[in-house]
Protein chains: 2
Amino acid sequence: MNRATIYSIAQELGISASTVSRAFTRPDLVRESVREQVLQTARRLGYQPNRSARGLATGRTGLVGVLVPDITNPFFPPLVRAIEQQAATHDSDVLLVDSGVNGTAESVLIGRLLSQVDGLILASPRARSATLKQAIAGTPTVVVNRAVQGLPTVVCDNTAALQQAGQHLVDAGHRRVALLCGPASAWAANRRARAVRTWASGADVELVEFGPLEAQFEDGQRAAEDVVASGATAVLAFDDLMACGVLAGLAELGRSVPGELSVVGCDDVLLARTLTPQLTTVTAPIEELGRRAVEVLGKVVDGEPVANVSLTGTLTLRGTTAPAL
Amino acid sequence: MNRATIYSIAQELGISASTVSRAFTRPDLVRESVREQVLQTARRLGYQPNRSARGLATGRTGLVGVLVPDITNPFFPPLVRAIEQQAATHDSDVLLVDSGVNGTAESVLIGRLLSQVDGLILASPRARSATLKQAIAGTPTVVVNRAVQGLPTVVCDNTAALQQAGQHLVDAGHRRVALLCGPASAWAANRRARAVRTWASGADVELVEFGPLEAQFEDGQRAAEDVVASGATAVLAFDDLMACGVLAGLAELGRSVPGELSVVGCDDVLLARTLTPQLTTVTAPIEELGRRAVEVLGKVVDGEPVANVSLTGTLTLRGTTAPAL
DNA sequence: CTGAAAGCGCTTACAG
DNA sequence: CTGAAAGCGCTTACAG
């Protein structure tokens, strides 16, 4: 039993393939009674349009490529899912590629996607801007969680929330705060570090910096010792995963949180709420980042003008922050 | 600047498109010097084969569809990544679809994938076997984390490890053990529950069952109260996420782990190690499940005979289990 | 509203 | 080892 095609349907109905095709893609151009017959026999025959054929004819694949640095980092799954759901709205599916923290050259992976997608969403890419722009070679692209000159961007601005977090710590009596910086090649890491530094320079607080560190649990864990040695009583971590690592490291060292030290994360991923006590963090509208990215990408693909979007994170106070001793 | 095609390369070199095509797909059929010229000008022109055209001609899309119930559950990201990396080995990419815990009919999502993939990997599908088999409509498919009659399967057998976990608890003096069952429609949940029941019936222990529950953090959290009320001193949770929820719930109730109660998870996802203390659990070879699934799928696609694969989980003792008071 | 025909960019017998 | 040609299953001007 071969797969049904528009021809088998056409033959069955004694009409032309053109009409069958139109019944699906331009239903308004087909007489209603005919359209219904087509749809009905299509269903009966289990017809599914051949995407390759359609793609070849239209130049559109109905696929959006999504590149993430590490799907294992709990920030990305909700983002990817939101992208996928929003894309489904446009009859598109998601081609997912993980560049691996190791960094299997992002440009290589992009190249692999290029020939099969209508557009690309690069989430937190690490490669240099020039490299990225060369790699995408003109393919409609939107960058999430990073600004790249000349490419549409969807980011979350956590500046204000991070500064509020800092202020929250100072208000609680903390005077020495550790800043755990994320990966040097991560735009968000630099952005966040800068926000904290700016705040610190104008506040009654001493900032002690550590890093750059990889945004992994283990890196945060290892940093705990240095944090304790520094005499800091509070920690601002690049992200929740890292904060989580610090928490584990501090526990190993017998330090209590929030009793002896306070810890603040960033992003508010699932992990933040599964901890006991729950993590004080900056909540990012992850799903909305994903949805907006798809929206913007759609416009780029259609050649419409687009504006960068910048959402904002909000401080969420939970159990890992408390007054300094 | 239009995209380069085999024709532009052929013209540039004064050879036929057939030869250009062969230089890529059947290099052994092309004189070396010619092949090299082709490859070189291809690179110079930034040529990328049009996947739609290739797909239409060969009937292969180079895509494998992966359906997960909830990419947000930390079990799936490493699985998906392993699948993706292994697929890359076969020059294939991953089309990811999340059915959402809500359960956007899996068969609908499968239908959406059908026309664009060479094969399907269904991870922990929830739909009934008959429904699944009808939905895939003959497309090469392998099922991960579930057995479906007539479909090749890649699972992790945790029976022995779970029974060891139980024995570990009994040895530590626990006589009343709570079993938190996972979703009724999840094959693994039933499998695990059965393993525990079998063990319990032959051991000096009283088993108290709760559930079925959704495999979410909150469900475990809510269950804590009942667990405490039951007088159980130890908990076997369907998976780590649920175990994590119980831990949080117990903490809210002021119960210490492993002081007053012991908790055991299953899968050993990232979450298990980010907890303090770390979670005693059954470690599943998640990456290998993914790789094997792709291997098996490859054989199915090629029409080779396949055997189901069953890997085994191993008990990993960590910090959430201790002798009963 | 409908059909005949060309074309999308590949692959692959077939013939040399 | 190479080329001419047909075909994969759609879409879409073009003509009616």
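Chain letters run A, B, ... following the sequence lines, proteins first and then strands; every chain starts at 1. Just so it is clear, the values below take in all heavy atoms, side chains as well, and ignore hydrogens, waters and symmetry mates.
Using a 4.0 Å cut-off between charged nitrogen and carboxylate oxygen, B/Arg54 and B/Asp91 do not count as a salt-bridge pair.
Between the base of C/dG9 and the side chain of B/Arg3 there is no donor-acceptor pair shorter than 3.5 Å. With hydrogens and angles left out, the side chain of B/Tyr7 and the base of C/dC10 share a donor-acceptor pair within 3.5 Å. Not a single donor-acceptor contact under 3.5 angstrom links the side-chain atoms of A/Arg51 to the base of D/dG9.
Proximity note for A/Ala57 (side chain, C-beta onward) versus C/dC8, D/dC8, C/dG3: the nearest is C/dC8. Here the nucleotide nearest the side chain of B/Asn50, chosen from C/dG9, D/dA5, D/dT2, is C/dG9. Relative to the side chain of B/Arg31, the nucleotides D/dG9, D/dC1, D/dT12 differ in distance, and D/dC1 lies closest. Closest to the side chain of A/Arg22, out of C/dG3, D/dC10, C/dG9, is C/dG3. The side chain of A/Ser18 lies closest to C/dA5 when the candidates are D/dT11, C/dT12, C/dA5. Residue A/Val34 places its side chain closer to C/dT2 than to any other of C/dT2, D/dT2, C/dT11. Checked against D/dA4, D/dC10, C/dG9, the side chain of A/Arg54 finds its nearest nucleotide in D/dC10. Of the candidates C/dC10, D/dC10, C/dG3, the closest approach to any side-chain atom of A/Ile6 belongs to D/dC10. For A/Ser16, counting side-chain heavy atoms from C-beta on, the closest listed nucleotide (D/dG3, C/dT11, C/dG3) is C/dG3.
Defined by atom type and a distance below 3.5 Å, a donor-acceptor pair is present between the side-chain atoms of B/Asn145 and B/Ser124.
Annotation: of the two residues near DNA chain D, B/Ala53 and B/Ile15, the 5′-most nearest-nucleotide partner is B/Ile15. When the nearest nucleotides of DNA chain D are assigned to A/Phe24 and B/Asp28 by heavy-atom distance, the more 5′-ward of the two goes with B/Asp28.
Residue contacts for A/Ser52: at a heavy-atom cut-off of 4.0 Å it reaches no nucleic acid atom on any strand shown.
Look at the P atom in both C/dA6 and C/dT2: the space between them is 23 Å, to the nearest Å. One P atom belongs to D/dC10, the other to D/dC14, and the distance between them is 24 Å to the nearest Å.
Applying side chain to side chain contact (heavy atoms under 4.5 Å, CB included) to B/Leu122 and the options B/Val148, B/Val142, B/Val68, B/Ile110 leaves one that passes, B/Ile110.
Dashed line: the shortest gap from a side-chain N or O of B/Ser21 to OP1 or OP2 of C/dT11 is under 4.0 Å.
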